[in-house]
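One structure below.
Here is how names work: the chains are called A, B, and so on, in the same order as the sequence lines, proteins then strands, and each is numbered from 1.
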There are 2 protein chains.
Amino acid sequence: MDYISEAGHVSARQGHETGKRSQEGITRFIEQMGLSAQQDGVARISGRIFGYFIVHGGPVSFAQLAEELQISRASVSTNARSLAALGIIERITLPGDRQDYYQLAVSPFLRMIESYLVRMQQMQNILQQADDSIPAEMHATHARLAQMRRFYAAAVQANQQLIEDLGP
Amino acid sequence: MDYISEAGHVSARQGHETGKRSQEGITRFIEQMGLSAQQDGVARISGRIFGYFIVHGGPVSFAQLAEELQISRASVSTNARSLAALGIIERITLPGDRQDYYQLAVSPFLRMIESYLVRMQQMQNILQQADDSIPAEMHATHARLAQMRRFYAAAVQANQQLIEDLGP
DNA sequence: TAGTTTGTTCAGTTATGGCTGAACAAAAAA
DNA sequence: TTTTTTGTTCAGCCATAACTGAACAAACTA
């Protein structure tokens, strides 16, 4: 039995020996990924889609995603494209098939770190601006801003190192 | 002129020579900290309070916070306590004064990383559960879960290293 | 004692953004 | 051509949670 290539029919195998209990575990995992995403300020459905692709690496068709996760096609469109834009999943096409397919990206976690890095760089810009526009007499303020910049510089460096360590 | 010890009167110095322009820079910074916090899934007011303490290290009284940031006492109570719970600011008292005062914690950024670590450990628990409850036959799924666990393990280690590097 | 000051809690309002159905456009099939 | 398939977009509904005003409790002051 191959769960991977028949992702679309897993939910129909209720009566199977491994079926019910394992199905519970899978849906719970996907649901937890949704909640976890929501905690991180990401749409719940994006988290569920990500979880779905952890379980079934893909390729999975657009229509399959909507049916399996029981979400509207509009939500599939929005969230899958959003995840693809982040480099976490990627859109592919299959010859002789008009549908869009998605599959897990090769290294989804590296992309997640890269998103963090972007956020940190935005914060560094804010700190730079503050440093420029706040009068020099405010020594203690500038000292705290400098401390903050050192922190973000170190954090950026640590995450770049992490990317290298996890890379090929 | 000492901006630090008279945090409560900065906004009143509109006519001063350094006043108007620098005041703009400060409020813009505080406002950007609010927006940045909101992006991170934290209440905007919490971000503003944090920004305020970057500018004026404190101690700042409860009432001052409400007045300076033009927010309700209820919001001060909720958000300041929340930041204090995260270890980013701390509540102190001054002898002969009934008011609560807050000041920036000694190393607010270390505390922020520690919060990240907690989240990552929650994710590790979720992965552990999934690993336990998903049938062993799903080899590809277990491989992806293992990859994910390696990622979080490395991320936790990197951040713990970062904490050490930034520590005293 | 009654009256202030001070912080917390909670019900209610408001703002934000997620999700959906429906309308739509593009492209293939009939 | 008309019809069907497929994905996108957008207006509107809904859920979540941020924020506030008001009521409250505790502790000080008079």
Side-chain angles (χ1 to χ4, degrees), chain A residues 8 30-52 58-86 88-103 119, chain B residues 8 30-52 58-86 88-103 119:
Chain A
I30 291 176
E31 226 45 44
Q32 283 173 327
M33 289 295 288
L35 289 175
S36 176
Q38 200 167 25
Q39 266 197 325
D40 287 16
V42 179
R44 179 185 291 186
I45 284 189
S46 287
R48 286 204 276 237
I49 292 178
F50 183 41
Y52 185 85
V60 177
S61 76
F62 188 100
Q64 251 179 318
L65 276 178
E67 192 189 350
E68 292 277 319
L69 297 175
Q70 308 194 49
I71 57 183
S72 70
R73 291 189 302 151
S75 289
V76 174
S77 176
T78 304
N79 290 277
R81 263 186 310 135
S82 159
L83 286 175
L86 292 172
I88 292 173
I89 64 176
E90 40 195 37
R91 178 198 301 218
I92 62 169
T93 54
L94 296 182
D97 194 332
R98 284 171 57 196
Q99 272 193 93
D100 285 359
Y101 285 77
Y102 286 95
Q103 66 186 9
R119 293 264 277 280
Chain B
I30 290 176
E31 226 46 43
Q32 283 174 326
M33 290 294 290
L35 288 175
S36 177
Q38 201 167 25
Q39 266 195 325
D40 288 15
V42 180
R44 179 184 290 184
I45 286 189
S46 287
R48 285 205 276 240
I49 292 177
F50 183 43
Y52 186 85
V60 178
S61 77
F62 188 100
Q64 253 179 317
L65 275 178
E67 193 189 349
E68 292 277 319
L69 296 176
Q70 308 193 48
I71 56 183
S72 70
R73 291 190 302 152
S75 289
V76 174
S77 176
T78 304
N79 289 277
R81 262 185 311 136
S82 159
L83 286 175
L86 291 173
I88 292 174
I89 63 177
E90 40 197 36
R91 177 198 300 218
I92 61 168
T93 54
L94 297 182
D97 194 332
R98 283 172 57 198
Q99 270 193 96
D100 284 359
Y101 284 77
Y102 285 95
Q103 65 186 10
R119 292 264 277 279

Could you work out, with side-chain contact (heavy atoms from CB on, under 4.5 Å) as the rule, every residue matching Leu94(B), not counting sequence neighbours? Ile92(B), Asp97(B), Tyr101(B)

Residues at least two apart in sequence or cross-chain that pass salt bridge (charged side-chain N to carboxylate O under 4.0 Å, His left out) with Arg81(B), listed by chain then number, are none

Whole-Å distance between dT6(C) P and Ile92(B) CD1? 16 Å

Given dT8(D), dG7(C), dT6(D), the nucleotide with the shortest approach to the side chain of Gln99(A): dT6(D)

Nearest whole angstrom, please: distance from the C1' of dT5(D) to the CG of Leu94(A). 16 Å

How about Leu69(B) and Ile49(B): do any of their side-chain heavy atoms sit closer than 4.5 Å? yes

Residues passing the side-chain hydrogen bond (donor to acceptor under 3.5 Å, both in side chains) test with Gln39(A), sequence neighbours excluded, are none

Are any of Arg91(A)'s side-chain N or O atoms less than 4.0 Å away from OP1 or OP2 of dT6(D)? no

d(CG, Leu65(B); P, dG7(C)) in whole Å: 10 Å

Over how many whole Å does the gap from Asp100(A) atom CG to dA27(C) atom P extend? 13 Å

Return the value, rounded to whole Å, for the distance between atom CD of Gln39(B) and atom P of dT16(C). 14 Å

Atom pair distance, as rounded to whole Å: CG in Asp97(A) and P in dA27(C): 17 Å

With sequence neighbours left out, write down each residue that passes side-chain hydrogen bond (donor to acceptor under 3.5 Å, both in side chains) with Ser72(B), or none if nothing qualifies. Ser75(B)

Separation of dG7(C) C1' from Gln64(B) CD (nearest whole Å): 16 Å

Which parts of nucleotides 12-30 of chain D does protein reach within less than 4.0 Å, heavy atoms only, written one letter per nucleotide 5' to 3' as B for base, S for sugar-phosphate only and - for none? ------SSBB-----BS--

By the salt bridge (charged side-chain N to carboxylate O under 4.0 Å, His left out) test, which pairs, at least two apart or in different chains, include something from residues 34-45 of chain A? Asp40(A)-Arg119(B)

OH of Tyr101(A) versus C1' of dT6(D): gap in Å, rounded? 12 Å

